[in-house]
Amino acid sequence: VQLQASGGGLVQAGGSLRLSCDASGFSSGFSFSSYAMGWFRQAPGKEREFVAAVIWSGVRKSYADSVKGRFSISRDNDKGTLSLQMNSLKPEDTGVYYCVAHQHPYWSGTSDPDYWGPGTQVTVSS
């Protein structure tokens with residue numbers, strides 16, 4: 001599975017960004033809707049951390065406490081895309097954001113993903 005995130009950039013605190021992720025390269029018999037999807041991030045000098053996840057159908061979503069109420073994850077199974085709408089951004093949201101996928105369709109971010117994209121940089125200035 002190949003994942004390619006886009007939409008990162010530089011934004012002032014309080015602003016918004018929308019990240020997108022295109023998925024491809026599925027094994028025979030599988031499609032985008034076979035996988036749970038999510039986002040992780042890594043701030044400078046820190047370990048990667050979970051941000052948000054959505055199950056295969058898009059019905060159930062999970063968020064890190066630090067982003068609840070500000071970020072919203074969504075997926076379009078017809079287009080094979082994943083999005084992360086980020087509002088009320090804070091300087092501590094700065095980092096590289098990774099689109100991820102998990103083979104378990106009900107994965108909620110409580111274990112390591114199976115697939116990682118190369119990441120997109122998000123920088124929030126104060």
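With sequence neighbours left out, the ring-ring contact (aromatic ring centres under 6.0 Å, His included) criterion links F30 to no other residue. Listed by chain and number, the residues in a ring-ring contact (aromatic ring centres under 6.0 Å, His included) with Y98 are W116 (sequence neighbours excluded).
Contact record, S74 with R18: OG-NH2, 3.9 Å, taken as the closest heavy-atom pair. Counting all heavy atoms, side chain and backbone alike, L10 lies closest to S125 at CD1-CB, 4.4 Å. The two atoms that bring S88 and S16 nearest to each other are N-OG, 4.4 Å, heavy atoms only. Closest approach of M37 to C99, counting heavy atoms only: CE-SG, 3.9 Å. Here the closest non-hydrogen pair linking S34 and P105 is O-CB, 3.8 Å. F40 and S111 make their closest contact through CZ-O, 4.5 Å (heavy atoms, listed as atom of the first residue, atom of the second, distance).
Rounded to the nearest 0.5 angstrom, L19 CG and S6 OG are separated by 8.0 Å. A distance of 5.5 Å separates CG of L82 from CZ of F32, quoted to the nearest 0.5 Å. Of the inter-residue distances, the one linking D114 atom CG with H104 atom NE2 reads 10.5 Å to the nearest 0.5 angstrom.
In this structure a side-chain-to-backbone donor-acceptor pair under 3.5 Å is missing from R48 to A43. In this structure a side-chain-to-backbone donor-acceptor pair under 3.5 Å is present from K61 to I73. For the pair T120 (side chain) and G8 (backbone), a donor-acceptor distance under 3.5 Å is present. A side-chain donor-acceptor contact under 3.5 Å links R75 to the backbone of I55.
A salt bridge between D65 and K68 is present, with a side-chain N of the basic residue lying under 4.0 Å from a carboxylate O of the acidic one.
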Item to check | Test log, rule side-chain contact (heavy atoms from CB on, under 4.5 Å), inputs C21 and W39 | outcome: CA-CA 10 Å; C21 177; W39 295 91; 3.8 Å; yes
_Verdict with supporting geometry, V124 and E92, side-chain contact (heavy atoms from CB on, under 4.5 Å)_ = CA-CA 8 Å; V124 185; E92 50 264 44; over 6 Å; no
Determine whether V122 and D93 satisfy the following criterion, side-chain contact (heavy atoms from CB on, under 4.5 Å), listing intermediate values before the conclusion. CA-CA 8 Å; V122 172; D93 294 317; 5.5 Å; no
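In this structure, the side chains of L3 and Y115 come closer than 4.5 Å at one or more pairs of heavy atoms. You'll find the side chain of V100 reaches within 4.5 Å of the side chain of W107, heavy atoms only. Looking at R41 and E49, their side chains come closer than 4.5 Å, going by heavy atoms from C-beta outward. For the pair P118/Q4, a side-chain contact is recorded, criterion being any heavy-atom separation below 4.5 Å from C-beta on. Side-chain contact between Y35 and H102 is absent, with no heavy-atom pair separated by less than 4.5 Å. At a threshold of 4.5 Å between non-hydrogen side-chain atoms, the residues L84 and V51 count as touching.
Side-chain atoms of Y97 and Q42 include no donor-acceptor pair closer than 3.5 Å. With hydrogens and angles left out, the side-chain atoms of T123 and Q121 include a donor and acceptor closer than 3.5 Å.
Taking hydrophobic clusters as Ile, Leu, Val, Met, Phe, Trp and Tyr residues chained together by side-chain heavy-atom distances below 4.5 Å, V96 does not share a cluster with F71.
Ring-centre distance between F50 and Y63: not below the 6.0 Å cut-off.
Ring-plane geometry between W56 and Y106 is classed as perpendicular, the angle between the planes exceeding 60 degrees on a 0 to 90 degree scale with a lower cut at 30.
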